[in-house]
A.B. asks: 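Structure in structure tokens, see below.
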Number of protein chains: 2
Amino acid sequence: MSTRDDLVEATRELLWERGYGATSPRAILDASGVGQGSMYHHFRGKEALAQEAIERNAEEMRAQVVMDLASEGSSLGKIRTYLGRKREVLKGCRFGKLVQDADVVKSPKLRSQVDDTLAWVQVQLAAVIADGVERGEFPRELNPIRTAAAIAATLQGAYVLARAAQDPDVFENAVEGVLDLLAFAQI
Amino acid sequence: MSTRDDLVEATRELLWERGYGATSPRAILDASGVGQGSMYHHFRGKEALAQEAIERNAEEMRAQVVMDLASEGSSLGKIRTYLGRKREVLKGCRFGKLVQDADVVKSPKLRSQVDDTLAWVQVQLAAVIADGVERGEFPRELNPIRTAAAIAATLQGAYVLARAAQDPDVFENAVEGVLDLLAFAQI
DNA sequence: GTCTATACTTGGATAGAC
DNA sequence: GTCTATCCAAGTATAGAC
């Protein structure tokens, strides 16, 4: 693990826990055990460091989603696998949390990384739904894009509601609720 | 409009735009035109001020939801009215945004205000669904609590996805998607 | 009730020695 | 590449005069 790597990992963790605006260079140094000078040697500043941390998050997320949706079985089964994967509910989504941060939205670089990743997930979900329609699992009337957006939104919103309640059961309710609705839509 | 009131209104606006952690007393003073001394005369500090601002948000939200769900017609119609209400999509939900803020979650007072309001909305939605089941609009198998959680989550998540994309259409997609699913569940 | 002055901490970054 | 010292702005609050 290089010093550079330690910085990125510490940043990843702090971005998750506190978001971008509330993560200070000082906190990153403390968490990584790296010295002041080293950080500014390896990175231009806080934003550049965050950019790399988010990049790493994106790679991880894409790999995970590919795995979830590649499972054998029905479209609904794949979506169930994706939604049902074990998550640290109360910490929230690494991407969803960032996007509430005004500083992130103001930074074109940071925001587009987050946006690209979330948009990519919706495209994957839409492909799974479209496939289900194709194979007669879902009715022709089911719009893959909209349905995928609803699924992705439910996931993001489930994090929000569970965090407000500080209770993972709320997350489960929301996810199960949308899976129930999808099951009703099955032919 | 009292000075006190000006402070609360300015805080409401800033909490919405920037969240709690990123809203400084200084910014509140600038936005309200109130002086330093006045603010600390009327409020103990930033947290007390935020508490009152959130309280006012909650009253507004409850009144609005009651109106939306009181409309004549089917359960689905009421939910459609609620979800379809005009919103400032890119600014996000006043409550959902706050809950991503670590400082808010750490403050029992602030968090519980947000939680109570979001939980209350879910109870109202569940009542509408339960009523729909009762009247034969939805099948007996539809669980009102879970369905309400899914609807509330979709709304929160739709804000998140639209903000990432900086595009209100994404919000529309998600909302329409869940309404489509509810329509499929109708008997 | 409101104003100005003050105080102390933290955020974010640079400078220059080693 | 890393360390320590330093800098200036901003955050949050208090003190005391008017």
Side-chain angles (χ1 to χ4, degrees), chain A residues 1-55 97-98 100-111 113, chain B residues 1-55 97-98 100-111 113:
Chain A
M1 324 289 174
S2 63
T3 295
R4 188 189 164 82
D5 216 65
D6 293 343
L7 285 166
V8 175
E9 283 303 317
T11 303
R12 248 156 61 85
E13 207 51 33
L14 287 167
L15 285 184
W16 197 10
E17 276 169 16
R18 315 193 194 169
Y20 178 73
T23 293
S24 66
R26 193 101 272 297
I28 294 172
L29 297 179
D30 291 349
S32 64
V34 170
Q36 180 90 337
S38 297
M39 167 167 166
Y40 284 98
H41 171 74
H42 290 290
F43 296 94
R44 264 183 120 29
K46 176 178 162 175
E47 187 178 2
L49 189 36
Q51 226 175 294
E52 196 153 320
I54 295 173
E55 182 58 46
K97 278 186 80 167
L98 282 177
Q100 301 289 33
D101 196 311
D103 294 336
V104 170
V105 173
K106 271 187 308 195
S107 160
K109 294 244 179 105
L110 297 182
R111 186 186 67 78
Q113 278 182 292
Chain B
M1 325 293 173
S2 63
T3 295
R4 188 190 166 82
D5 216 66
D6 292 342
L7 285 166
V8 175
E9 282 305 316
T11 303
R12 249 156 61 85
E13 206 50 33
L14 287 167
L15 285 183
W16 195 11
E17 275 168 18
R18 314 193 194 169
Y20 178 71
T23 293
S24 67
R26 191 103 268 303
I28 294 172
L29 297 178
D30 291 349
S32 63
V34 170
Q36 180 90 336
S38 297
M39 168 168 164
Y40 284 98
H41 171 74
H42 289 291
F43 296 94
R44 263 183 127 9
K46 176 178 162 176
E47 188 179 1
L49 189 37
Q51 227 175 291
E52 197 153 320
I54 295 173
E55 181 59 45
K97 278 186 79 167
L98 282 177
Q100 301 288 34
D101 195 312
D103 293 337
V104 170
V105 173
K106 270 187 311 196
S107 160
K109 293 244 178 105
L110 297 182
R111 186 187 65 81
Q113 277 182 293

A.B. asks: Could you please name the option among C/dT14, D/dA13, D/dT2 that lies closest to any side-chain atom of B/Lys46?
C.D. replies: D/dA13

A.B. asks: Is there a donor and acceptor pair, one atom on the side chain of A/Gln36 and one on the base of C/dT14, closer than 3.5 Å?
C.D. replies: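 A donor-acceptor contact between them is present.
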
A.B. asks: Measuring from the side chain of B/His41 (C-beta onward, heavy atoms only), which nucleotide among D/dT12, C/dG11, C/dT2 has the closest atom?
C.D. replies: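 It is C/dT2.
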
A.B. asks: Does B/Tyr20 offer a backbone N or O that forms a donor-acceptor pair with the side chain of B/Lys46 under 3.5 Å?
C.D. replies: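 Side chain of B/Lys46 to backbone of B/Tyr20, a donor-acceptor pair under 3.5 Å: yes, one is there.
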
A.B. asks: So does B/Gln51 get a backbone contact from the side chain of B/Gln113, meaning a donor-acceptor N/O pair under 3.5 Å?
C.D. replies: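 Indeed, once roles are kept as given, a pair shorter than 3.5 Å links the two residues.
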
A.B. asks: Checking the side chain of B/Thr23 only, and the main-chain atoms of B/Gly19 only, is there a donor and an acceptor separated by less than 3.5 Å?
C.D. replies: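 Yes, B/Thr23 side chain to B/Gly19 backbone: donor-acceptor pair under 3.5 Å.
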
A.B. asks: Starting at CZ of B/Phe43 and ending at C1' of C/dT2, how long is that distance when rounded to a whole Å?
C.D. replies: 15 Å

A.B. asks: Have a look at the helix from C/dG1-D/dC18 to C/dC18-D/dG1 and give the angle its two end axes make, five pairs each, rounded to 10 degrees.
C.D. replies: 10°

A.B. asks: Nearest to the B/Pro25 side chain among D/dT12, C/dG12, C/dC3, which nucleotide is it?
C.D. replies: D/dT12

A.B. asks: Over all strands shown, is B/Ser2 touching base, sugar-phosphate only, or nothing at heavy-atom distances under 4.0 angstrom?
C.D. replies: nothing

A.B. asks: Whole angstrom is fine here: how far is it from OH in B/Tyr40 over to C1' in C/dT4?
C.D. replies: 15 Å

A.B. asks: Pick the nucleotide of DNA chain C nearest each of A/Arg26 and B/Ser38; which residue has the one closer to the 5' end?
C.D. replies: B/Ser38

A.B. asks: Could you tell me how far apart B/Met39 (CE) and D/dA13 (P) are, to the nearest whole angstrom?
C.D. replies: 7 Å

